[in-house]
Amino acid sequence: MAAALTPQGEDFPRWYQDVVAKAEMADNGPARGTMVIRPYGYAIWERMVSELDERIKATGAENAYFPLFIPLSYLSREAEHVEGFSPELAVVTHGGGEELAEPLVVRPTSETVIGEFMAKWIQSHRDLPLRLNQWANVVRWEMRPRLFLRSSEFLWQEGHTAHATREDALNYLMTIHLNVYNDFLVNVLAAPTYLGMKSPRERFAGALNTYTAEGMMKDGKALQMVTSHDLGQNFARAFEITYQSEDGASEVCHTTSWGASTRLVGGLIMTHGDDEGLVVPPRAAPTQVVVIPVRDDDAVLAACERLLEELRREGVRARLDRGRGSFGRRVTDWEIKGVPLRIEVGPRDLAEGVVTLVRRDTGEKSARSIQGLGAAASDLLEVIQGDLLGAATRRRDEATIDVTGIEGAIEAAQGGFARLPWSLVGEDGEDRLNAEAVSVRCLTRPDGSIPESVHEEGLLAIVARSY
RNA sequence: CGGGAAGUAGCGCAGCUUGGUUAGCGCGCCUGCUUUGGGAGCAGGAGGCCGCGGGUUCGAAUCCCGCCUUCCCGACCA
């Protein structure tokens with residue numbers, strides 16, 4: 001059988017492109033850096049949206065929508081913010097056939113507009129905390145676009161909150177980072193990460209601190225999966241987001257922002273994919289089980305239909321694939337798309353009262369009784385979910401090497417992550433790493449927990465090549 | 001944006017060096033028949049502004065200039 005995809009070991013970037021194309025996830029758009037997300041890719045994104053949205057709402061945030069066009073002057077109000085973003089801004093100078101009095105930027109992120117309206121809506125401590133989230137597209141001009149990983153326009157969720165105290169802001173931010181993002185990454189995407197704080201040079205423009213979750217891709221490079229920012233009072237001062245406290249004094253709010261984007265789809269591909277294609281963890285899969293009749297035979301099709309109904313009764317997202325080409329063709333098509341579990345139904349199976357189950361992650365085949373198959377499939381999906389997390393965690397741990405200096409870190413980063421004391425890095429060390437295309441991905445405590453400050457004693461730096 | 005490579009049918013490519021009939025091949029697609037337990041077989045068929053624009057020439061996929069897009073390596077980022 002000819003390989004459908006370039007093997008990962010031969011050329012990983014090429015493998016990635018092949019998967020995106022052959023699994024029918026996305027195409028390049030006509031303008032440089034733009035992306036057309038095809039139904040299958042979008043269905044995976046919708047699974048992510050649904051899981052994230054549910055968790056976000058559970059923390060008390062509400063969805064809203066702010067405009068795509070932002071007056072350029074808004075960006076300028078926070079000095080570091082505009083400086084950080086100006087290289088990647090798309091600016092609209094004309095509208096209705098005339099030059100605009102003030103240029104509009106196409107939102108690269110919405111701290112500024114949302115800040116403006118928070119200032120308007122927040123009067124009293126009784127209005128706090130204000131917790132907003134929006135699902136939107138944003139534009140950041142990219143020099144080197146890659147489907148899902150770096151596109152000039154992408155989809156994301158951006159949360160923005162305002163709090164009375166710094167303590168409340170930080171507590172909430174940690175709830176988002178751990179109970180929303182990390183829970184989603186671990187339990188839905190089966191993607192273990194290193195949680196930590198960004199080094200000063202890697203943090204968001206205008207933030208006091210940025211928290212990250214760094215995933216390890218199968219080629220050993222890091223991908224920032226999500227981001228959460230402690231904005232302190234920087235934006236609150238710039239946009240005059242203030243409130244009157246219980247004792248009547250005027251106080252400046254503390255704000256946060258946090259986001260997760262369509263980049264997660266790229267992260268999913270590179271976390272679990274193999275030489276046969278995509279591997280989607282069951283909880284992230286739009287289709288969890290595909291039922292394939294081995295031949296178009298009335299008895300077989302009838303059995304498939306009954307099976308499909310039973311699976312759906314068990315809450316399994318299942319579909320039937322019939323008639324589209326040969327059996328082998330259908331099998332490989334679904335393998336490339338990474339559907340977690342395949343059920344093959346043929347006359348020989350039916351004669352014995354069984355069907356054949358095939359796991360996408362291991363390729364393992366087993367015959368199971370048709371009786372109670374819905375529940376059995378549902379259980380197996382959970383096993384697969386757990387096994388994928390286990391395998392990804394082992395890969396991450398095995399490819400993380402403790403080193404004692406910059407040289408060792410650069411060497412280790414050729415095939416995975418390196419971990420070393422942050423005190424050994426410093427400005428100079430970070431320069432040397434960056435010169436070798438290696439960067440400090442995050443700072444963590446020795447026990448893996450997230451520091452409160454980059455100045456804490458004993459922090460470790462996780463360094464790697466990255467996307 | 002700097003360095004490198006490339007754009008010819010939906011996808012992958014040949015043709016270009018040395019301009020010259022209806023621009024080919026594999027896969028895919030359509031029709032029919034036979035098939036179907038791991039990318040099916042036979043027969044017939046459809047599909048091309050040769051990336052875009054300009055130039056040279058009697059004549060351009062082929063030579064020259066500009067632009068656009070894609071891929072790889074760097075600096076920037078979700």
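Numbers restart at 1 for each chain; the letters A, B, ... are given by sequence-line order, proteins then strands.
Geometric assessment of A/Arg330 against the ring of A/Phe327 yields a negative cation-pi assignment under the 6.0 Å and 45° thresholds.
Within the nucleic acid shown, A/Pro347 comes within 4.0 Å of at least one base atom, counting heavy atoms only. Using a 4.0 Å heavy-atom cutoff across all strands shown, A/Ser151 reaches at least one base atom of the nucleic acid. Residue A/Glu142 is classed as a base contact, given a heavy-atom separation below 4.0 Å to a base.
Applying the side-chain hydrogen bond (donor to acceptor under 3.5 Å, both in side chains) test between A/Ser257 and each of A/Glu111, A/His160, A/His229 identifies A/Glu111 as the sole match.
One atom, CG of A/Asp18, and another, P of B/rU70, lie 17 Å apart when rounded to the nearest Å.
A donor-acceptor contact under 3.5 Å links the side chain of A/Arg263 to the base of B/rC77. Side-chain N/O atoms of A/Arg329 and base N/O atoms of B/rG28 include no donor-acceptor pair closer than 3.5 Å. Taking only distance into account, the side chain of A/Ser326 never meets the base of B/rA40 through a donor-acceptor pair shorter than 3.5 Å.
B/rG2 is paired with B/rC73 under the Watson-Crick or G-U wobble criterion, all donor-acceptor distances under 3.5 Å.
Residue order along RNA chain B, read from the 5' end via each residue's closest nucleotide, puts A/Val331 first among A/Val331 and A/Arg140.
At a cut-off of 3.5 Å, with distance as the only test, no side-chain donor of A/Ser369 or A/Gln371 sits close to an acceptor on the other residue.
Within residues 350-373 of chain A, the residues having any heavy atom under 4.0 Å from RNA chain B are, by residue number, A/Thr356, A/Lys365.
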